[in-house]
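As C-alpha cells, the structure follows; a few thoughts come after it.
Just so it is clear, the structure is predicted and the values come from calculations on it, not from any experiment. Just the heavy atoms: all of them, side chains too, but no hydrogens, waters or symmetry mates, feed the values below. Numbers for residues simply follow the sequence, beginning at 1.
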Amino acid sequence: MTTTQPIHPAPARRESTQVGPATGEEEIFRILSRRRTNASSHHEELQGSKQEIEQLLSSIFGSSRKSDSQEEKARHLGVVFKNLTVKGQGLGASIQPTNGGLLLGPFRALWGLLSKGSKAGFGKPPIRTLLNNFTGCVRPGEMLLVLGRPGSGCSTFLKVVGNQRNGYESISGDVLYGGVDSSEMAKRFRGEVLYNPEEDLHYATLTVKETLKFALETRTPGKASRQEGETRKEYVNEFLRVVSKLFWIEHTLDTKVGNELIRGVSGGEKKRVSIAEAIVTKASCQCWDNSTKGLDASTAIEYVESLRTLSNMANISTLVALYQAGESLYKLFDKVILIDEGRCAYFGPTENAKAHFESLGFVCHPRWTTADFLTSVTDKHERQIKEGWEDRVPRTAEELEAAYVASEVAAHTRRDIEEFESTLEEQKKERSKEMSKETKTKNYTISFPKQVIACTKRQVKVMRGDPLSLGGKWGGILFQSLIVGSLFYNLPKNAAGVFPRGGVLFFTLLFNALLALAELTAAFDSIPILMKHKSFSFYRPSAYAIALVLVDLPLCFIQVFIWNIVIYFMAGLQRTASQFFISLLIIFFVTLSMYSFFRMLGAFSSNLDAATRITGVSIQALVVYTGYLIPPSSMHPWFSWIRWINPIQYGFEALMANEFYNLEIECVPPYLVPVGPGVQPQYQSCLLQGGRPGSTTVNGADYIQSQFTYTRSHLWRNVGFIIAFWLFFVFMTALGLELKKPNKGGGAVTVFKRGQAPTHVENAMNKGNSVDVEAAEKEVGRIGNEESNNRTEEAAVAKNDTIFTWQGVTYNIPVKNGHRTLLQDVQGYVKPGRLTALMGESGAGKTTLLNTLAQRISFGVVEGTFLVDGQPLPLSFARATGFAEQQDVHEPTATVREALRFSALLRQPKEVSTEEKYDYVEKIIHLLEMDELAGATVGTQGNGLNQEQRKRLTIGVELASKPELLMFLDEPTSGLDSNAAFNVIRFLRKLADSGQAILCTIHQPSAVLFENFDDLILLKKGGRVVYHGELGQDSQKMIKYFEGNGAPKCPKDKNPAEYMLEAIGAGDPNRKEKDWGEVWSNSNEHSERAREIEQIVSDRRSKADSSTHDDREFAMPWFTQVLAVVRRTFVSYWRAPEYVVGKFALHIFTGLFNAFTFYKLGNTSIDMQSRLFSVFMVLTISPPLIQQLQPKYLHLRDLFMARESSSKIYHWSAFVIAAILVEIPYSIVAGTLFFVSWFFPVGFPRDSFTVGYTWMLLMLFELYYVSFGQAIASFSPNELLASLLVPVFFLFVVSFCGVVIPFAGIPKFWHFVYRVSPFTYLVEGFLGVLVHNVPVRCSENELARIPKPPGQSCENYTTAFIRQAGGYVQEVGNECRFCQYSDGDEFARNFNIYYRHHWRNFGIFWAFIVFNFAVVFICTWLYLGGLKKMLKRGKKVAKK
C-alpha cells in the first residue's frame, strides 16, 4: 500500500531564531516586563513571549558562548537509529503469586516439566519484542514528537535512544550520536545523552535554589569552555537567573521542593524544577518522557517553546513524548514518530503525517488535533475510516508498519539519513581538531574531588533542611544515655562491678550499631535520585558514597560524644584523660564502620525487604560474636571465624583492654568464697577468672586475659583493624552504588488472579506467546462506543436530582506572619445532568476548592455556606458523594471486581441486599468496559493496571457506591494519552446525561475534550473566580464574555481552553494588566449567578425532600465494616508472598543461627550463662521483624487516610482490627518454625511441660513484637521515623530486663522500671523453666581454688557458706575447689529468676500484649484527628 501524497521537505529549523550575542541584564528585564502585557493583539503577544525566551536562552546558549567554548565545539550532534529492535522478558500478562505458591509451586513446576518439557519447566522466561526495526534520524536542532498509547513502547524508545539500556533482553541495530555508537558514548561521553523520566525525583528538604545550584555546580564547564573572565560562581548565578526566569520559578527559589510529608512547591512548579535541572546538562541528545504531566496548558506550551528555542540555539536533538499534545504544541515539532504495539507506524515530517494516514483511508474528525488523529489511528475503536475503504485500511500494528515502510515518507526518511550521514565525517574531523585533554571524555564535567565536595555540601543542606529529625535523633540519644548511665550508675571497682562494666561497654557498641540500622531506610529513599543524577552525569555514585562518609564524620562524632560523655562519667569508668579519649576514639570508628556496613548492604540489595532479611541475621552475628555473650573459648568452630571479621569484636576487645588493664579488682561477696564466721583471708579465693589461690584481689589485665583472651597489647592493632573495616565497607558501598543499574527494562505486565484470566490470555500464557491485554480488552468495546448499549448503561447508573450550592467560600491557612488566603469569596452550583469543568493555572486552587466543597479540609479556616437543595449538608454527605482523587489510590493486591465490590458493599445503604450490590458492580464493570480485566489485580505501575485502567477503576469505585448527590473528580485525564483522556471525558459526559451531577478539575483539555463540558468555573492565582457560567456551543458564551471585557479576539482555530488561560495571563507572575477577578466581581454575569443561586436555594428549600437527610455516617453496621476490611487484608497478605517469605526466612535463619551458636550445651557454669544468652538472642530478633511489619501497618493507615476515611467507607477501628488479626496466624506459624529450629539443637530439657510452656511463651513473644511494632507505627507519621524509634524503645525495655545488668546491680531508683519491663517476665518465664533442676558441673577453669585450712576437710570448711549461698565443693590434694552453682535454679536465682513464677509471668506478659494493642487503638485515634478534637475541646473549656 503506497501513498502518492507529495512529501514536504522538513524545514531545517522550525521557528528559526537567529539571536545575536548574549543580551545584557537590562535588555532581558525590558523584555520580561513586556511579557504578555500591553500587547495590542494575540499575535504581538505571542511574538513577545517567543522573543523573550530567545533572549533569555541566548545568554547561556547563544553564539558568543559557542564561539568561546571548547566544550561546545567538541559535541556529538544529531542522532541516527537504524534497524533498532529491542526485546524484553515477559508475556504482557502473568498470574498473581500467592502464599499457596510456596507450597504448590514445586508441584506446579513438576507438572510443567512433565507436560511441557524441560525447556518450558526450567527455561528462561519468554521474550517479547518491545520495539521492532525502527529507523530514522533527528538532526541537530530538530525536535521529534513521540506519540503512542501507554504501553505501546514510547518510554522504551526514549530510554534506548537516551542510552538507558539496562534491563532489556537484547538490543540490536545501531544508534549513533554524531557518528559515535552507543557503547562508546556510554564509556566516554555519557553526559551528552540525557533521558528525563516522568517522575519528579528531588530531595524534599532542599530548596529549589539549592537543587538547581547543585546541578549547575556539577555541570559548570572548565575555564576554556566559559566566557573570558567568567568565574564558576558567575556562570552558576547567570544560568540560575536565566532558568528561574525562563520557567517562572523565581518566586519559589527559597521554597523547599517538598513531598507528601514536607510542605513545598506545587506539582506544576516541581515539574518545572525537573525541566530546569535537565536543561542544565546541555546534553546534545535529550529524551523527555511525558514531561508535561501535571502542567496546565499555558505552562506546557511555555515548556515546549523553551525546548524549541533551546534545540535551535544549542543544536540539540530533542525527542519528546507527549500524551496530550495540542495543535500549537504539535506545530513546534519538526518530526513525529507514531508507535503502535512496538512497531513504527510513521516516522517523518510533522506536516506529512496527517496526509499520510488520510491517504491510507483514515478520516480526521474536524475538531481533532493532528496528534489526537495520529494516536486514534492505532486504536481499533477510535479510528474513523473513509466510506468505501473499510476493506483496504491497515488495521493491525503490522499492517500499519508495512504501509509506512512502503510509503514515500519512509523513502524520504532513508534519504534524509544518508544526507545527514554524509555530513558526519566533517563533524568528526571538527571534533577531533577541537578535542583537548579536558574534552576527550565528557562523562563528568568536574573532577572527582570536586564531585565529592559538591555532594558533601548538598548532603549537609539535606540534613539542615530537616532539623527536626536530626534534633530528635540527638535528643533520643541524650535521653537514652541518661537512662543507661543511671542504670549503670557509679559502678564499684570491685568484683561486683566487673560484669556490669563489661555490660556498659557492650551496650555502648550495641546501641550505636542499632542506630546505624536506620541508615538502610534512608539509603533506599535516595537511590532513585542517585540513579537519575548518574544518568545526568552530575557525579559518580562513588562520589556520593564518599560524601555520605564525610558528612558522617561530624554527625557520628556528635552522636558518640553525646552518648559517651554521659555514660562514661555516670557509670564511673576509669577517669583518666587517656582512657576517656581512647574509648571515644574506638566507639567513633566502630560507629562509622557500622554506618558504612549497613549502607554497603543497601548498595548491594535490590530492595528494602531483601536488605532487612540480611540485616536480621547480620545483627545477631555481630552482637553474639563480640565476645561478651559467649567467651571465645566457648565458641563452636563452625561459627567462631565470625569474630575475626566482626569490627564490633575488635572494638569490644579494645574497650575492655582500655578499661581493665590498670584496674585492681577487690573481691567481695558473692565472688569471695567462702565467707562467714571463722574464715581467714589466706583461705579465701575469688570466683573471678584470673584470680590466684589465697588472693582476694584480681588484676584486671589477668581477668580479661583469662576470661576473654584479651590483652592491652592488641589495643592499637584493633583500632587499625576497625579503620580498615570501615574503609573496606566504604569502598564496597561505592562499588555497589557504581554497579547499581537504573531502570528495569521490559514491557508492562497485567497480573491476573489465578483462574480469572480471560481464556485467550490464559491460552497465550500457557503457550508462551506474547499477550496484549489492552488490545484484547478493547475487543469488548471501549467506553461508550456501542451506541446500542447506551440506554441500558444509562439506566444502570444511579440518577440524582439534588442541586449542590455554595456561597461566600473563603479558605485561610495560618503561615509564619499571619494567614494566607487560598480561596476568596467563591460561589457556584452543580446541577444534575450537567458536566462542570473547574479550571485555572497551576497553583490557582482548583484541588483546594474541590477538597473544600467535598468537606475534606482538616487544616486552616473555611468560611461560607454549603447547601444541598437549600438544606445544610447531611451527616452522610461524604458518603453520598463520589470523589475520584488525582492519585489513584487502591489496595494493590485487590482485583478490579474485588475493589468495586468492596466499595459497593460498604457504601450502598444496608437496605440494599449484597446480591443487588454485586449485580450493580457487574453493570459498572460493563459500563467501564473492563469485563476482560475484572480478574486483574491493581498492582503497581508497570506490573498491574496501566494508568488509564487505574483512572477508570478510580471512577468505577466511586460509581459503585451509587453516589446520591454528586461526583467530584480531580484531574481525571492527568497522565493519560489523548484517546484515553477522550474516553474518560466521554464516559463522564454519558454519566452526566444519565442524570449525574459532576464537578471535575482538568488540565490541558483539547478543544474536543472541552466541548463535552456544559459549565465552567475558572480560577486565577489566589483562588478568585474569573468566570462561572455556561460555555455554550463551541464555548462561544465564555469567549464572548472575555472578548467583551477587553481580552484579545479568539482566532477560529484556537483551543478555547488555551485561549481563556492566556487571556487571564495564567502562569505569568509578571502580569500587570487588569485583574480579571475584579472584572468578574463587577460584571453582570456575576450578579446573575448570585441571583440564580439564591433562586435555587429558595425553590429547593420549599420542596425539601427527606431523602437527602440520611444522617447515618456510615452506610453499613460496624460489624459488617470490620468483616469486609479483615477479609480484604487477609487476601492482601495471602497475595504478598515476598513479605511472608521474608518473615519466615528471618525466623528460620535466626533460629538456626542461635541453635548452632549454642549447639548441645553442656552443664558447666558458662553453659548456664549461654542458656541465658540464647534466650536473650531470641529477644534480639524483634527489631528487624518490627521494621518489616511496620510498613504494612502504615500502608493500611495511608490507604484509609488517602481515600477511605474521607468517603466514610468504614470506621478507623476496622482497619486497626484487620491489621492486628492478619499478623497473628503468620506470626504463630513463623514462631513455630523458629521454635523447631532453635529449641531442639540447643539441648534444652525435652519433657512435655518444658517444651509446651516454652512454645506457648514464644507464641506470646510473637504477639508482643507485633503489638509493640504496631504501637510505635501508630503514632509515627512515616516509615523512616517509625524505624528510627524502634531501637530507642527496644533498648529501653531490654536494658531493664535483668540480663545486661542483673537485678542486684540495678540502682534502687530503677527497680520500678525493672518491674514494668515486659522482657523481665519473658526472660524469667523462659529461663526459669529451661534451667529448672538442670545439674551444674563446673569446668576446671571455672572452679575457685582455695588453699585447704589445716585440720579441716573442704566440706566442713564450706558447709555453712554453701548452705547460704549454694554451689558445691571438691577436695583435690591440698586444694578445695569450689563451684558457684550446684544446679540451674541456683544460677537463675542470681538473676532474680524463680521457676515458681512461670504461670505468673505468662499472665503478666499477656497483660503487656493487651496494653500494646490498646496503645495501637488510642494512638491511631489520636493521629487520625482525635488529638485535634481534644485540643479544640480544651480551648473551648479554657474560653468558658
Side-chain angles (χ1 to χ4, degrees), residues 36-49 296-302 324 326-331 365-369 372 827-829 831 834-841 844 846 973 982 985 989 992 999-1021 1024-1068 1071 1073-1089 1092:
R36 289 198 178 165
T37 59
N38 310 321
S40 57
S41 71
H42 174 74
H43 176 71
E44 211 173 295
E45 192 177 293
L46 202 63
Q47 288 306 108
S49 173
D296 60 72
S298 57
T299 314
I301 291 173
E302 284 287 338
Q324 295 177 45
E327 197 61 35
S328 47
L329 290 188
Y330 181 81
K331 284 177 179 170
H365 186 282
R367 293 301 295 268
W368 270 357
T369 65
D372 290 353
Q827 63 170 16
Y829 57 77
K831 292 180 176 177
R834 293 188 76 77
L835 184 53
T836 306
L838 173 54
M839 293 183 69
E841 61 186 297
K846 301 182 294 295
T973 61
F982 186 53
I985 295 298
R989 175 72 267 164
L999 178 62
C1000 159
T1001 65
I1002 189 158
H1003 259 332
Q1004 303 176 29
S1006 66
V1008 182
L1009 289 192
F1010 201 53
E1011 218 173 65
N1012 283 284
F1013 290 92
D1014 301 302
D1015 299 309
L1016 168 72
I1017 298 170
L1018 182 60
L1019 298 180
K1020 64 173 284 232
K1021 270 254 182 355
R1024 292 193 67 187
V1025 178
V1026 291
Y1027 181 80
H1028 171 222
E1030 232 182 296
L1031 282 165
Q1033 183 68 35
D1034 288 341
S1035 308
Q1036 280 309 306
K1037 285 191 178 177
M1038 180 267 290
I1039 291 169
K1040 273 180 188 159
Y1041 167 77
F1042 282 109
E1043 288 179 348
N1045 283 286
K1049 277 207 134 359
C1050 177
K1052 270 193 173 176
D1053 60 343
K1054 183 77 177 169
N1055 177 354
E1058 289 175 12
Y1059 162 76
M1060 68 187 189
L1061 287 172
E1062 283 174 13
I1064 66 167
D1068 186 350
R1071 181 77 176 225
E1073 222 184 88
K1074 63 173 74 174
D1075 182 341
W1076 282 95
E1078 282 301 315
V1079 173
W1080 172 253
S1081 298
N1082 301 324
S1083 68
N1084 296 332
E1085 286 85 352
H1086 173 257
S1087 312
E1088 206 178 297
R1089 275 314 80 77
E1092 201 177 334

Under a 3.5 Å distance rule, please check whether [X] uses its side chain to pair with a backbone N or O of [Y] as donor and acceptor.
X	Y	answer
D372	W368	no
N1055	P1005	yes
K846	E841	yes
E1011	D1034	no
D1014	T836	no

Validation row: [X], [Y] side chains within 4.5 angstrom (heavy atoms):
X	Y	result
E1058	F1010	no
M839	L1016	yes
W1080	H1028	yes
E1043	P1048	no
M1060	S1035	no

Next on the checklist: Side chains of S1087 and N1084: any donor to acceptor distance under 3.5 Å?
Outcome noted: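 No, no side-chain donor-acceptor pair sits under 3.5 Å.
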Item to check | side-chain hydrogen bond (donor to acceptor under 3.5 Å, both in side chains) evaluation trace for E1085 with Y1027 | outcome: CA-CA 9 Å; E1085 286 85 352; Y1027 181 80; over 6 Å; no
Next on the checklist: Pair L1031, I1039 - check side-chain contact (heavy atoms from CB on, under 4.5 Å), show working.
Outcome noted: CA-CA 8 Å; L1031 282 165; I1039 291 169; over 6 Å; no
Item to check | Shortest non-hydrogen contact from A837 toward I1002 | outcome: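 Taking every non-hydrogen atom into account, CB-CG2, 4.4 Å.
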Checklist entry - How close do I985 and F1013 get, heavy atom to heavy atom, and via which atoms? => result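 Minimum heavy-atom contact is CD1-CZ, 3.9 Å.
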Checklist entry - Does K1040 make a cation-pi contact with F1042 (under 6.0 Å, within 45 degrees of the axis)? => result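 The answer is no, since K1040 fails at least one limit relative to F1042.
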In Å, rounded to the nearest 0.5 Å, how long is the span from [atom1] of [X] to [atom2] of [Y]?
X	Y	atom1	atom2	value
T369	Y330	OG1	OH	9.0 Å
W1076	S1083	CH2	OG	10.0 Å
L838	D1015	CG	CG	12.0 Å
I1017	C1000	CD1	SG	11.0 Å
E1030	Y1041	CD	OH	16.0 Å

Item to check | Pair E1092 + K831: basic N to acidic O under 4.0 Å | outcome: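 Yes, this pair counts.
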Next on the checklist: Any salt bridge linking K1054 with E327? Criterion: basic side-chain nitrogen under 4.0 Å from a carboxylate oxygen.
Outcome noted: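 So K1054 does not pair with E327 through a salt bridge.
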